[in-house]
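Report on the structure given below.
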Amino acid sequence: MSEGWYGYGRWEAPFWFIGIEPGGKNAEAPMLAWQELGGGELLDCRKHHLHPKFGYTRFQTPPFALQPTWRRLMLLLFAFEKRDISTERLKQYQAERWGSRSETGETCVIEVSPTASQQQSKNVQQSLFTIPRIEHVREMVEKHQPTFVVLYSSAKRLLPTWERIAGRSFDSDNMTVSGRTVFIVTPHPVAFRYTDEEWIQFGVRLRNRCQSNS
């Protein structure tokens with residue numbers, strides 16, 4: 001995937017989720033679909049996966065398999081919004097609204113690196129994980145002032161990247177505020193030692209901090 005691709009959704013969306021890299025071992029199919037969909041910075045998640053050149057349909061067509069990383073992030077979002085959390089509602093949201101480019105799309109789901117590490121040599125990884133790319137994300141946050149930004153991976157080596165995006169350091173709760181935006185650093189959603197209830201509590205904590213920041 002070109003370095004010009006960041007992920008799914010809209011920069012104007014109120015709810016942002018930022019990871020380090022996309023999953024997957026084969027970059028060719030999503031790259032071809034990305035090119036045919038216009039090669040922009042952000043794609044519509046549903047359209048990208050259903051595009052014939054990509055054709056990875058299991059997340060957007062029945063019986064709607066829940067993608068493990070997205071599932072936990074949606075748990076946080078549903079808890080933040082006080083929405084009814086059920087497997088069926090998560091599946092419906094993932095299929096229809098997650099990373100949507102529609103005018104009502106409410107999520108921006110992006111990655112610091114455009115390709116997964118297993119697809120890259122060490123030198124390519126270093127060239128993609130560049131300050132200009134991180135700076136562009138930071139500039140988009142400052143421009144659009146989302147309600148919250150979830151930075152998912154609490155690895156210590158990534159803290160400088162998250163601090164650069166937020167423009168400041170994080171407190172003991174792994175949270176910080178810049179203007180109208182609340183940032184939170186969470187574990188990676190597939191980290192096995194965390195429960196669904198803990199991810200729900202991340203959403204509750206984030207809601208409380210956002211309310212106090214309004």
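Since the structure is predicted, the reported quantities are computational estimates derived from the model, not experimental observations. Values reported hereafter were calculated over all heavy atoms of this structure, with side chains retained and with hydrogens, waters and symmetry mates removed.
- Atom CG in Leu77 sits 12.0 Å away from atom CD1 in Ile200 (nearest 0.5 Å).
- Although no hydrogens or angles enter the test, the distance criterion places no donor-acceptor pair under 3.5 Å between the side chain of Thr147 and the main chain of Phe15.
- At least one side-chain heavy atom of Thr61 sits less than 4.5 Å from a side-chain heavy atom of Leu50.
- Ile85 is not listed as a side-chain neighbour of Asp196, based on a closest heavy-atom distance of 4.5 Å or more.
- For His49, the ring pair (Phe, Tyr, Trp, His ring centres under 6.0 Å) criterion is met by Tyr8, Phe54, Trp70, not counting sequence neighbours.
- At least one donor-acceptor pair closer than 3.5 Å links the side chain of Arg207 to the backbone N or O of Ala79.
- Ile184 is not listed as a side-chain neighbour of Arg209, based on a closest heavy-atom distance of 4.5 Å or more.
- With values rounded to the nearest 0.5 angstrom, Leu159 atom CG is found 8.5 Å from Ser169 atom OG.
- Across every non-hydrogen atom of Cys108 and Ala13, the tightest pair is N-CB, 3.8 Å.
- Considering CD of Glu163 and CD1 of Ile134, their distance stands at 12.0 Å, rounded to 0.5 Å.
- Proximity of a side-chain donor or acceptor of Gln211 to a complementary backbone N or O of Asn208 within less than 3.5 Å is not detected.
- Without hydrogens or angle criteria, Arg10 side chain to Arg101 main chain gives no donor-acceptor distance under 3.5 Å.
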- Should Val112 and Trp162 be marked as a side-chain contact (heavy atoms from CB on, under 4.5 Å) after you check the CA-CA gap, both sets of side-chain angles, and the distance that decides it? CA-CA 10 Å; Val112 172; Trp162 299 152; 4.0 Å; yes

Step-by-step side-chain contact (heavy atoms from CB on, under 4.5 Å) determination, Cys45 to Phe59: CA-CA 10 Å; Cys45 184; Phe59 301 140; over 6 Å; no

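- Electrostatic pairing of Arg83 and Glu106 counts as a salt bridge here, judged by a charged N lying under 4.0 Å from a carboxylate O.
- Side-chain contact between Ser154 and Thr186 is absent, with no heavy-atom pair separated by less than 4.5 Å.
- A donor-acceptor pair is defined here as one N or O able to donate and one able to accept, closer than 3.5 Å; such a pair exists between the side chain of Gln145 and the backbone of Arg180.
- Classification of the Trp98-Phe17 ring pair by plane angle, with boundaries at 30° and 60°, yields tilted.
- Summarising the geometry, atom CD1 belonging to Ile165 is positioned 6.0 Å from atom CG belonging to Leu151; distances are rounded to the nearest 0.5 Å.
- Proximity of Leu66 to Met74: side-chain heavy atoms (C-beta onward) are separated by under 4.5 Å at one or more points.
- Residues Thr107 and Tyr93 meet the side-chain proximity criterion, which asks for heavy atoms closer than 4.5 Å.
- In this structure, Thr87 OG1 and Gln92 CD are separated by 13.0 Å, a value rounded to the nearest 0.5 Å.
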* Asked: Step by step, would you call Leu206 with Met175 a side-chain contact (heavy atoms from CB on, under 4.5 Å)?
  -> CA-CA 8 Å; Leu206 196 50; Met175 302 176 80; 3.7 Å; yes

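- Here the side chains of Trp5 and Pro30 are not in contact, with every heavy-atom distance at 4.5 Å or above.
- Between Arg133 and Glu111, the closest heavy-atom pair is NH2-O, 3.2 Å.
- Side-chain contact between His188 and Ile20 is absent, with no heavy-atom pair separated by less than 4.5 Å.
- Taking every heavy atom of both residues into account, Pro146 and Pro14 meet most closely at CB-O, 3.5 Å.
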Review point. How far apart are the C-alpha atoms of Gln201 and Glu197, what are their side-chain angles, what is the distance that settles it, and do they pass the side chain to side chain donor-acceptor pair (under 3.5 Å) test?
Key: CA-CA 6 Å; Gln201 287 305 309; Glu197 182 56 36; 3.0 Å; yes

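- Residue pairs satisfying the ring-ring contact (aromatic ring centres under 6.0 Å, His included) criterion with at least one member in residues 190-214, sequence neighbours excluded, are listed as follows: Trp199-Phe202.
- A donor-acceptor pair is defined here as one N or O able to donate and one able to accept, closer than 3.5 Å; no such pair exists between the side chain of Trp34 and the backbone of His48.
- Applying the side-chain contact (heavy atoms from CB on, under 4.5 Å) criterion to His136, with sequence neighbours excluded, gives Tyr6, Trp11, Glu41, Glu139, Met140.
- The backbone N or O of Thr181 sits nowhere less than 3.5 Å from a side-chain atom of Ser178 that would complete a donor-acceptor pair.
- Put simply, the side chain of Gln94 never gets that close to the backbone of Phe64: no donor and acceptor are under 3.5 Å apart.
- Without hydrogens or angle criteria, Arg46 side chain to Gln60 main chain gives a donor-acceptor distance under 3.5 Å.
- In terms of heavy atoms, Thr69 sits closest to Pro189 at O-CB, 3.6 Å.
- Nearest heavy-atom pair, Arg138 versus Glu142, reported as atom, atom and distance to 0.1 Å: NH1-OE2, 2.8 Å.
- Of all non-hydrogen atoms in Val141 and Phe183, the two that sit nearest each other are CG1-CZ, 3.6 Å.
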